[in-house]
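Report on one structure; see the data block that follows.
This one's a predicted model, so the numbers in the text were calculated from it and none came from an experiment. In what follows, chains are A, B, ... by sequence order, proteins preceding strands, each numbered from 1.
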Amino acid sequence: MEERAFNDISYEKFLREEKLMGSRCKGCGRLYVPPRPLCIECHGAEMEWVRMKGEGRLAAFTCITVPPPFMMAQGYNRKNPYCTGVVELAEGGRVDARIVGVDPTNPETIRVGMPLKVKFLHWEEDGKKETFLAFEPA
Amino acid sequence: MAKRRKLGRGVAVVGAGMSRFGMFRDRDSKDLFAEAFRDMTASVDKGLDPADIDALYLGNFSNDYFMRQSHWGPLISDLVGITPKPATRTEGACASSALAFREGVFAIASGFYDIVLVGGVEEMSKRTTEEVAEGLALATVPYEGKAGFTFPGVFGAVATAYFEKYGAGREHLMNVTIKSHENAPLNPKAQYPYTIRDMMEAKKASLEKRGIPVPEWEDEKAFLRDSKVNPVVAWPMHLYDCCPISDGASCMLLVAEEIAKNFTDEPVYLAGMGQGSGRGFHASEALTYFEATRYAAKEAYGMAGMGPEDVQFAEVHDCFSIAEIIHIEDLGFFREGEGYKAVEEGRTRLAGPKPINTSGGLKCKGHPVGATGISQLYEVWTQLRGKAGARQIPNKNLRVGAAHNLGGTGGTCTFTILERR
Ligand SMILES: [Zn+2]
C-alpha cells in the first residue's frame, strides 16, 4: 500500500475507496478512528493503518430538520429530515456518521444500541466528488 | 490531579454591565458594546475615569463570519476611547469572553496591569438561520460537521445517550425550559422575557383573533408537546429546547484587590477559576458528560478551597435544555444521572436550594456567543451585590456564586467562582 499521511485527507480518501480506516499506535497498540498522527496514550508517533470491519452499534443519534447549507443542497429540509449519529465500532472507538435505512420522521423508532453496518454514500456536485461515512441497520 | 492554582495577587470585580440582548435590525456591535460599557461605568460606585484603564481583553467568536469584519479588539478600544492602550481579542467559540475574563485576571495577578476592561460582543441576527447554523458549526470538530451535525444536533445526540443511560425523557427537558422561562420576565435585559404560560396565552389570543380554532392546551407541557408551536429542530431538541440567535455585548471592570476599595465599598472577589479543553464528541470519554467542564470545576474548586456545596447559585451554559442538566451534574451540584430529577423537584428554581440560571439562561436571556461568558458573570456579580431586583435570590446571606461557560461541543469549558467577603 502507498504511504499515506495519518490525517483527515487520507481518511477521506479511504472513504472514497469504501474503506473505513484507523491508525494504530505501534508503541502501545491503541486504535484511533479517525486516524491520529500522534498517540495520545503513550505519546508515540509511529502509526500503522488498520481497516475496520464496519460493524458497530448506535451510541447516540439525532434527526435534523434544520440542516446546514451543504445538507440542504442534498435535498434535506423540514419536510425531509435526516438522521446522523455516533457509532461505537466493534473494534472500539467511535465515529460520527450519517445513519441511513431508518425513518428520520419517526425518531421514536430509532433505538440507541441497535446494531449497524457501514455504508458509503458517494456524492458528486459540480465535478467535486465526496464520500460520506454512513451506517445502516445490520 | 491538577495542581492547586493560585494567583500572584488577588483580583476584584468592581463594575459590570451588559446591553439588552435580542435581535436588533438597527443596532450594531459597537453601539451594543457602548450600551454595556455605559451600564458598567454607571455601576462603579465611586466612579471610573476610563483613562485609567490599562488594557482591554475582548471575547468575540466570529463576527468575521457573521459581519465579515474581524480584528475587534482595537475597534472596541477606539469605541470606548482608550486607544492606544492595548486591546486583545480572545476566541473560544461560545466561551470567548470567559477567556477574556481569564486573560484580564492573569494580567492583573501577574502585576503587569492594575485596571483591566474585559468584555465580549457578537452580532449574529443579520444572517439567515441556516447561515448562523453554518457559522456556529465552524466550532464543531470536522467529523461532526461532515456527518451533518449542527449544534442542536450534537446536543440532541447527547440527549438520546443520556435518556438511554438514565431513563430520562423529553418531559424532563421541558422542566428546564419552563424553569428558565419563569426567571426570564424578571430580567429586563432578556431577549424573551416571558413565561411559557405567557407565550401560550399569547398564541391562543393570536389564533382566536385570526378565527383559527384554539387547541386545548391544559398546561405548559401540553403546549410544549404540540409540534405546531414547538417543532423539532434536531430530535429530541425542539424549538423550545434551543437558545435563540442574538446580538449583544457585556463587560466588566477588573482591578487589583488592593485598590478595589477605591472603586467601591462592595467589591466582589475572584475566588476560583478553571478552564478545560475537550476532544471531539466521538473521541470523548463519554457522551453523557463533558470532561472539560469537570476539569475546569476541579481547578476552580481547588483554587477557591471550596466544593460544589459552597456555591449557592450558578449560571450554567444552557445552550440547549439537555446541556443544563448535564452541567449541573458535571459541576457536582447533583449526582451523575440525577440532574433531571433535581430540576423536576424544583431544586434549581429561583426560590429553590440551588438556583440555576436566575437570568433566564441562554435560553431566554439570549446567546450572543462572544458576549455570553461575561454576561453570566454579570448575573453572578449582580446577585452577589443584591441588585438583581425582582429576580434577586431570596437567600439573605448570598456570598458565593459561579458561572460555567462552554464553547463548541465541549472543546472549551470554564468555571469561575466569585465571592463577597
Ligand atoms: Zn501509543
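For A:Tyr11, the part lying under 4.5 angstrom from a heavy atom of chain B is the side chain only. Of the two parts of A:Phe70, only the side chain, counted from C-beta on, holds a non-hydrogen atom closer than 4.5 Å to a non-hydrogen atom of chain B. Proximity to chain A is limited to the side chain of B:Glu164, based on heavy atoms less than 4.5 angstrom apart. When heavy atoms are compared at a cutoff of 4.5 Å, B:Ala283 approaches chain A by way of both its backbone and its side chain. Only the side chain of A:Glu12 has a heavy atom closer than 4.5 Å to any heavy atom of chain B. Proximity to chain A is limited to the side chain of B:Arg279, based on heavy atoms less than 4.5 angstrom apart. Only the backbone of A:Ala97 comes within contact range of chain B, with heavy atoms under 4.5 Å apart. If you measure heavy-atom distances from A:Val87 to chain B, you find no contacts under 4.5 Å at all. With a 4.5 Å cut-off on non-hydrogen atoms, B:Phe281 touches chain A through its backbone and its side chain both. In this structure, no portion of A:Ile110 lies under 4.5 Å from any heavy atom of chain B. Proximity to chain A is absent for every atom of B:Thr128, based on heavy atoms less than 4.5 angstrom apart.
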A:Asp96 vs B:Glu144, side-chain contact (heavy atoms from CB on, under 4.5 Å): CA-CA, chis, key distance, verdict
CA-CA 6 Å; A:Asp96 301 316; B:Glu144 292 159 356; 3.4 Å; yes

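At least one donor-acceptor pair closer than 3.5 Å links the side chain of A:Thr62 to the backbone N or O of B:Trp235. Counting only distance, with no hydrogens or angles, the side chain of A:Thr84 and the backbone of B:Phe149 share no donor-acceptor pair below 3.5 Å.
Your options are B:Gly153, B:Gly145, B:Ala161, and the one with the most heavy-atom pairs under 4.5 Å with chain A is B:Gly153. When the candidates B:Gly156, B:Ala133, B:Gly148, B:Ala137 are compared by the number of heavy-atom contacts under 4.5 Å with chain A, B:Gly148 comes out ahead.
Side-chain contact between B:Leu287 and A:Val86 is present, with at least one heavy-atom pair separated by less than 4.5 Å. A 4.5 Å side-chain heavy-atom check between B:Val232 and A:Arg78 finds every atom pair outside the cut-off.
Put simply, OG1 on A:Thr65 and NE2 on B:His238 are 8.5 Å apart, with the number rounded to the nearest 0.5 Å. Between atom CE of residue A:Met71 and atom CD of residue B:Glu134 there is a gap of 13.0 Å, rounded to the nearest 0.5 Å.
More than 12 non-hydrogen atoms from other residues, nucleotides or ligands lie less than 6.0 angstrom from NZ of B:Lys126.
Residue pairs meeting the salt bridge (charged side-chain N to carboxylate O under 4.0 Å, His left out) criterion with at least one partner in residues 40-51 of chain A, sequence neighbours excluded, are A:Arg24-A:Glu48, A:Arg30-A:Glu41.
At a heavy-atom separation below 4.5 angstrom, chain B is approached by A:Glu130, A:Thr131, A:Phe132 within residues 122-138 of chain A.
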